[in-house]
Amino acid sequence: MQQEAKRLLQTGKTIAFVPTMGYFHEGHLALMREGRKHGDALIISIFVNPTQFGPGEDFQGYPRDVNRDMSLAESVGVDVIFAPEAKAMYDKAYQTHIDLEMLPRYLCGPSRPGHFRGVATVVTKLFNIVKPHVAIFGKKDYQQLLIIQRMVRDLRLDIKIVGVPIVREADGLAMSSRNNYLSENERRSALSLFQSLQQAQETVAQGIRNARELIRGASELIRSYPYTKIDYVTVCDPETLEDVDRVDGPTLMALAVWVGKTRLIDNTILKPSNYSGSKFQGSRFKVRER
Ligand code: PAF
């Protein structure tokens, strides 16, 4: 892959990159379609990265179907698929990791210790191997996107990071490879994530700004569905991820909920109806020209 990346660079090609763990759905394909717009060559990786799974998490059971993934990738114009084996990425003596100080402390960090260290490390390695000009990530993993953006800035990596809006099923459930774990009944309960975010949006539109009240409303809605167990519901600053008391400008509402044995995440940016500023308005994730 490194040789192929060098060859592409030598011929003056720009490389757009979409890192994935495979088992593609429309959300992945949206990332690839976005990637297609940003590079002469579109490279994706398929790698279920062991270092971002904790003990007892679903590393072994994570859905995999590389043949199906390959034909879907081809259908959206992917040029190169990099699908390394774990031992090619981490040899026995492997000992170097990337740790961010603050952002991993919030949201998913406490329930998934080491997760973002694994993500930041593998993404850095993939960047070094694929040598992209542009890399594309989904906003469903909002915290991951923020962490990658911070890491790229901190380490002065010369890579433009592009965020792509969440892709949802017709009824609103955010697409995720993990949705495949859900039984029919659990699938119905999984809708509570989106519904609670929608309810919060409506509550904010009615003029209620109190974060606690929004969190309480969302939690009650989620708990009214069977099989659900809340990991967290947070209303926080969209840049630092620190909790806020009030929604006075664009504010992140993020949640993680166990539905049966499946942990699902979702998020939205809450905006007060009279907000006219432009501080966040999506600008954090807007495509920047190089
Ligand atoms: O979002 C994912 O699929 C993974 O966390 C990533 C970015 C491919 C790193 O393994």
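Just follow the structure's listing: the first ligand is 1, and inside any ligand the first atom is 1.
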Engineer: Mind checking whether I148 and V119 have side chains closer than 4.5 Å, heavy atoms only?
Structural biologist: yes
Engineer: In terms of residue, atom name and distance, what is the protein heavy atom nearest to atom 9 (C) of ligand 1?
Structural biologist: Q52 OE1, 3.3 Å
Engineer: So which heavy atom in the protein is nearest atom 1 (O) of ligand 1, and how far is it from that ligand atom?
Structural biologist: Q144 NE2, 2.8 Å
Engineer: For atom 3 (O) of ligand 1, which protein heavy atom lies nearest, and how many Å away is it?
Structural biologist: M21 CG, 3.5 Å
Engineer: Just which atoms of ligand 1 are under 4.0 Å from any heavy atom in V122?
Structural biologist: 9 (C), 10 (O)
Engineer: Report, as yes or no, whether the 6.0 Å neighbourhood of atom CG on D245 holds more than 12 heavy atoms from other residues, nucleotides or ligands.
Structural biologist: no
Engineer: Flag the pair S177 / H28 as yes when at least one side-chain heavy-atom distance between them is below 4.5 Å, and no otherwise.
Structural biologist: yes
Engineer: At a non-hydrogen distance cut-off of under 4.0 Å, which region of T20 contacts ligand 1 (side chain, backbone, both, or neither)?
Structural biologist: backbone
Engineer: Are the side chains of L252 and Y142 in contact, using a 4.5 Å heavy-atom criterion?
Structural biologist: yes
Engineer: Hey, does the Lys NZ or Arg CZ of K125 hover above the aromatic six-ring of Y90, less than 6.0 Å from the centre and inside 45° of the axis?
Structural biologist: yes
